[in-house]
Amino acid sequence: MTDASPLARLIRDLITDDGPIGLDRYMALALGHPAYGYYHTRDPLGRSGDFITAPEISQMFGEMIGLWLAETWRLLGEPAHVILVELGPGRGTLMVDALRAARVRPDFRAAIDLHLVETSPVLRARQAETLAEVGIAARWHDTLATVPAGPVLVVANEFFDALPVRHYQKTERGWHERLVGLDGNQGLRFGLAPEPEPRIALTGPNGSVLEVAADGLRVAHSLATRIATSGGAALILDYGHTASGFGETLQAVSRHGFADPLQRPGEVDLTAHVDFAALGRAMRAAGAVVSGPRPQGEFLLALGLEARAHQLAAAKPSAGDDVKAAFTRLTAIDSKDGPGMGHLFKVIAASQPGLQALPGFVDSVLA
Ligand code: SAH
């Protein structure tokens, strides 16, 4: 594999020296290697990139999140100081749209201390540029751990799907971890650990695959611990399933199409669907109250997306068709502009005990 990417060569050398590596380690390198990782070397978003996200489809998405944040801040008792955190802010679009919409509550805007958790230097620069217009200073962190203590409002859109997962496959001897090793031509290939993992006691037919969101569950647990102890709420939006089960969802995406996850590490996006049931269990176990998961379409409609779409279309009739297409894409199960985000995408929240129902999880809260 002489024409392999620098990262593929580096991973091959690592496997040659130390033996096959877990899928979680492979994903962490492919996405987050400081020199060659996918997110570290590019801005992958938008029509000219590899994939597009809801805030990049329409300003309405971030605006609804802004209303959610302002209303949840009210439910928290309008603390004079609140730490607003976004995990994986991409281009910063969601945050800018949210803060603009939050102008309806100037006291909320004034209470915000903004912190962004982002590992990519390319996207950090992009976020700084985007946020320059809102006049709220931001601080950046590699992980949640360094965000200061205090009540928090957290938002994460398409963040958890980017966190590394592990796979285990059932054989007659038990659950074997799936590892990335080398084939005869020094290319990367999947194999199984020779010995089964003794800590997995599940029963399932031979050949079943168990996907474990090791990193995601750890992040969700620490987020929820923080919320349960210091107060606040978190909103997590992503694509995934509401019931845990066997099956693998690892996917590689490049230029809006599927690719081979072991080809060109560092040059294609790798994600896995979020197991919302597992996320909910992890956050409940940490002492937080969990709302949802709810389909994204229903959540956005409960926050008033339709009224906002009418307002935007009326303000600028020439953009009416675009607003309508974006509305459909965000809420429908499928639309002519692509697969709808209304159903595959889901929303879950964690909050401190004792709050009233969070906006978007019951109908008519903001209506
Ligand atoms: N929320 C944005 C971007 C989604 S892409 C949107 O909806 O458009 C995933 C984002 O998470 C990127 O900003 C990426 O750089 C960031 N990211 C991925 N893995 C991360 C990690 N382990 N720690 C912090 N940020 C991460």
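Counting convention: from 1, in listed order, for ligands and their atoms alike. Just so you know, these numbers use all the heavy atoms, side chains as well, and skip hydrogens, waters and symmetry mates. As the structure is a computational prediction, the values presented were derived from the model and not from experiment.
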Practice task
Return the minimal non-hydrogen interatomic distance between Ala259 and Val268, and the atom names on each side.
Solution key: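 For Ala259 versus Val268, the nearest heavy atoms are CB-CG1, 4.2 Å.
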Practice task
Please report the closest heavy-atom contact between Arg281 and Ser244, naming both atoms and the distance.
Solution key: NH2-OG, 3.0 Å
Can you tell me which portion of [X] lies within the under-4.0 Å heavy-atom range of ligand 1? Options are side chain, backbone, both, or neither.
{"X": "Thr119", "result": "both"}
{"X": "Thr53", "result": "side chain"}
{"X": "Leu163", "result": "side chain"}
{"X": "Leu45", "result": "side chain"}

Provide the number and element of each atom of ligand 1 under 4.0 Å from a heavy atom of [X].
{"X": "Ser120", "result": "15 (O)"}
{"X": "Gly90", "result": "2 (C), 3 (C), 13 (O)"}
{"X": "Tyr39", "result": "5 (S), 9 (C), 12 (C), 14 (C), 15 (O), 18 (C)"}
{"X": "Pro55", "result": "6 (C), 7 (O), 8 (O)"}

Exercise for the section: Determine, using heavy atoms of Gly32 and all atoms of ligand 1, whether some pair is separated by less than 4.0 Å. Expected result: no
Practice task
Examine ligand 1 and decide if any of its atoms is less than 4.0 Å from a heavy atom belonging to Leu94.
Solution key: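 Leu94: no contact with ligand 1 (<4.0 Å).
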Handout entry: Salt bridge Glu78-Arg105, side-chain N to carboxylate O under 4.0 Å
Key =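 Salt bridge: yes.
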Exercise for the section: Examine His40 together with His33 and report whether their ring centres are nearer than 6.0 Å. Expected result: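 That pair fails the under 6.0 Å test.
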Problem - Pair Phe61 + Trp68: ring centers closer than 6.0 Å - result: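 Judged by ring-centre distance (under 6.0 Å), Phe61 and Trp68 do not meet the cut-off.
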Handout entry: NZ or CZ of Arg294 within 45° of Phe299 ring axis and under 6.0 Å
Key = no
Handout entry: N or O pair under 3.5 Å between Glu118 and ligand 1
Key = yes
Handout entry: Mutual orientation of the aromatic rings belonging to Trp73 and Phe108 [parallel < 30°, tilted 30-60°, perpendicular > 60°]
Key = tilted
